[in-house]
Undergrad: 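Structure incoming, see below.
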Amino acid sequence: MTIRIKFALLTIKKNKHSTSKKSESSSDGLPIARAITFFVVFTTFLFALAISFLIFFQLNKTLKESRQTFIDQKIHTVAQRINDYLSSRHKILQDYANFPIITQRVMQPKSQISNVADFLDERLILGKKYPLTLLDFSKKNIYSTRVKSPTSTILLNQNKDNKIKISLDKNQQLETWHLYAEIFYNQLTEGFLVLDISMYDMVKQLELEKLGEHHQLQLEQDNKVIFTIGSLIDEEVTRVQLPNLKLTLAYRTNTTTLNALRTELLQQIIISFLLLWACTTIAVHSLAHKHFVKPLEKLQEFASNVANNEYCDLNDKKFKILEIAELKKNFKDMVDKILLREMSLKRAKIKQEQLNKNLTHQQQMLVQSEKMASVGQLAAGVAHEINNPTGFVMGNLEVLKEYKMSIQTYQVATSNLQQAIASNDKEKIQKQLASVSALQQKLDIDYIMTDMDDLIADSINGTERIRDIVQDLKSFSRVDDTNKCETDLNEDVIKTALRLVWNEMKYKCTLEKRLQPLPLLFCYPSELSQVIMNLLINACYACEDSNKNKGFSEIIIASYYDNNTIFITVTDNGCGISEAEQIKMFDPFFTTKPIGKGTGLGLSISHSIIKKHNGNIQVSSQVGKGTTFTISLPLTSSEKSIDTVDPFLGIKTC
Amino acid sequence: MLKNRAVLFVDDDNSVLSTLTRLFYREEYQVVVANSAVAALSVLSKQKIDLLVSNQLMPGMSGAEFLQQVDHQFPEIVKILMTGYADIESLLDIIDQCNVINLLPKPWKNE
C-alpha cells in the first residue's frame, strides 16, 4: 500500500512537470526526461525489490539461526542448572546416608528412634531444611520429617542407570522430587534415605519463573509431560536430555516477538528503499533534463529557426553526450549544406526565370509570325476586298466630279436667270428660263440630285468597309494583346476570325453558323481567334482542293456549352485527313500544302494555344468526306496555368 | 436618244454595279447589270448584249467559268474581265482561254 501511494505521488509530481513542458512543445509523445525517468524508475524498482527481498530473506534466515543457537544455549544452561541443583543435593543426601547413626538405625529398626529423629530433624541441606524420610530395605517407612501426610508411601523407582537417584509421584504430575540415597552395609542395600524437594522450590531457587514469561519449559518423561513452566505456546519445540536423569527438557519460545521484529525490519527496508527510489528518480530526472532534454530542445529550437529561415549559431553550445554532440555537428553541417543548396537553387531559379522569359518571348514571336503567315494567306482575299470598295468609291468620286461640273453649268444658268429677274426684263427672263429648263433636261439635273444621295451613301458604305477590314486586320495582328479578359467567344473570337476569312471563303464555299449563346470565358481572345481562323483557312483549303469538281462546298462552324465546357466545332466536307496525317498533323512544320503556301505551324500553335487554356483539340476525319475539328475549353480552372509556359510550344520531340 | 449598244456588267457587289451604271449613264450604251453569273446568263438569253464586263471573284460561279460559258454560247460578245486580285499573272490563263480582250484591274481608272 505504501509503495503504491508513494508511486502515485511520484507519478503526479512527474505529470505536473511534464504537462508544463508539454504546453511548450505542441507535438505529442513522451518527453525524453520523463521517458528516461520512467525507465529508470521501473528498472530500479525491480532491482531494489529483488535486493530488498534478498536482504530480507537473508536477514530472516540469520535471525532464525542465531535465535536457535540462543535457544540451544539457554536450554542447555537450564538443563545444567537443574542437574547441578539436583546432584549437589543428592551428594549431601548420600553423605547423610553414610552416617553411622543412620546405618545403625536401619540395621536395628527398633532402637534409638529418638536419636535418629533428632538427627534427621536437625539436618540442613545447603542451609535449608528439606523433608527427609528413612526407609528400610523393604521400603517401609521408618521415620519421616514430612509435615503433611508423613506416612504416605513413596514408590521408589530404582533405576540403576541414573546417577542421581530420583523418584516421582504416582500421579505423574511432578510436584515433588524424591531424591534418595541407598544405605549400604557390607555392600548390601539395607535402606533408603529420601529427600523431598518441592518443584516450586527448585523453580524459585533456579529463578525459572522469568523464563516462563516468554517461553515454555516442560519436563517430559517417556514422552509424557510431567511439569510445565510458562503459559501454553503452540510453537516449534527444542528438546534436550537432562544428564544423569531419564528426563527430557522441552523448550518452546514465543515467536510473536520475532514476528514483530521481522515486520519492523521489513518496514525499515521498504522505507529506505522508497527513499532511495525517490532520490534516484529525482536525480535521474534532473540529469536527464540537463544532459538530454536541454541539448535536444536547443537542437529543436535551432531546427524550427532554420524552418523559419532564421539561422543562429550553435557553436557556443557544448553538449556532454557524445551522440547528441555528434547530432549537433551533423545537423549543423546539414544546415550549412542546405543553405548552400538553397543559394544555388535561387541562382538556378533566377536563371530559369530568365530562360522562361526568353522562351515566352520566343513563343510569342513564333505565334505572331504564324499569325502573320495566316494574314499572308488571306492577303489576296483581303486585297480584293479592299480593292473592290476602293474601285467603286473612286468611280463614284469621278462621277461626282462630273455631277459637280453639270451643277456648276446649271448654276451659271440659274444665276443668269436671277439677274434677268432682277433687271425685270421679261424677254430676257423668258430666254434664260428656257435655257435653264433646257440645261435641266440636258444635264439631267433631277437624276443627278437623286443619284447623288445614293452615290454618297455608297461611297460612305465603301469606305466603311475598307475601314472595317483594316480594323479587323489590325486587331487580329495586334502583338500587345497579352492580357486575359472575359470574352464572349461567339462575338469576339468566332465572328472576328470569320470577318477576315470570309473575304477569302465566300468565293469558295458556303458557311453555316450554328452559334448558341455562351458564357463568358476568361481567355486570350486574339490567340483563340487565331486558332479559329487557322481551322477555317484549313477547312477552306480542304474544300478548294477537293471540291473543284464536286461544286458544293460547305463549312459549318458551331458553338455550344455543356457540362462547364465550351465546345467549338469546325466541319468541312473537303478532302479529309488520312490516319497517318492525323498522327503528325499537330507536329510543327508538318504541312500538306505546296511549298510556300503554309508554314506547317498552324495546327501546332493552335494546339499549344488550346493547351494553354487547359482545353483540348480533337479531330475526326474521313478521307474524301470531310473533317471536324472540336475544341473544348473548360470554364473552370482557367486561372490555373496563367503563368505556366509550355517551353516546347507543343513541339513533340521524337 | 436611243442607246443602240448594250453593255452588261456582272459583279456580286451591288455598289460596284451602281457605280458602273452611273459612269456609263452619259455614254451611248444601254447599261444592264447582273449581280451573279446565273442572273447574267438569264439576261444574255433574253437580250442582245454587245459588251460584257465580268468580275472574276464571285460566289457560286467565278468570272472565269462564266466567261468560258459565254464564250461558248455567245462568241460574238466582247468580253472584259474585271478583277480586284493583285495577282494578275494567274489570270493570264483565263484571258487566253476565254477570248477576253482586256483585263480591267480594280480599282479602275475611269477613262
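Protein chains get the first letters and strands the later ones, always in sequence-line order, with residue 1 at the start of each.
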Undergrad: Starting at CE of B/Met82, measure out to CG of A/Asn387 and round the result to the nearest 0.5 Å.
TA: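 Those atoms lie 12.0 Å apart.
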Undergrad: Can you tell which part of A/Leu400 gets under 4.5 Å to a heavy atom of chain B, answering side chain, backbone, both or neither?
TA: neither
Undergrad: Using non-hydrogen atoms only, which part of A/Ile386 is less than 4.5 Å away from chain B: side chain, backbone, both, or neither?
TA: neither
Undergrad: Any residues in residues 456-471 of chain A near chain B, with a heavy-atom distance under 4.5 Å, and which are they?
TA: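 So far as heavy atoms go, A/Asp458, A/Asn461, A/Arg465 are the residues that approach chain B to under 4.5 Å.
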Undergrad: Go through the structure and list residues passing ring pair (Phe, Tyr, Trp, His ring centres under 6.0 Å) with B/Phe9, not counting sequence neighbours.
TA: B/Phe24
Undergrad: For A/Gln441, is the CD atom crowded, meaning more than 12 foreign heavy atoms sit under 6.0 Å from it?
TA: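 No, CD of A/Gln441 has 12 or fewer neighbouring heavy atoms, counting only those of other groups under 6.0 Å.
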Undergrad: Measure the OG-CG distance between B/Ser18 and A/Asp451 for me, rounded to the nearest 0.5 Å.
TA: 7.5 Å
Undergrad: B/Thr21: what forms a side-chain hydrogen bond (donor to acceptor under 3.5 Å, both in side chains) with it, not counting sequence neighbours?
TA: none
Undergrad: When rounded to the nearest 0.5 angstrom, what is the spacing between CG in B/Leu23 and CZ in A/Phe392?
TA: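 If we round to the nearest 0.5 Å, B/Leu23:CG and A/Phe392:CZ are 12.5 Å apart.
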Undergrad: Sort by residue number and list every member of residues 403-416 of chain A having a non-hydrogen atom under 4.5 Å from chain B.
TA: A/Tyr403, A/Ser406
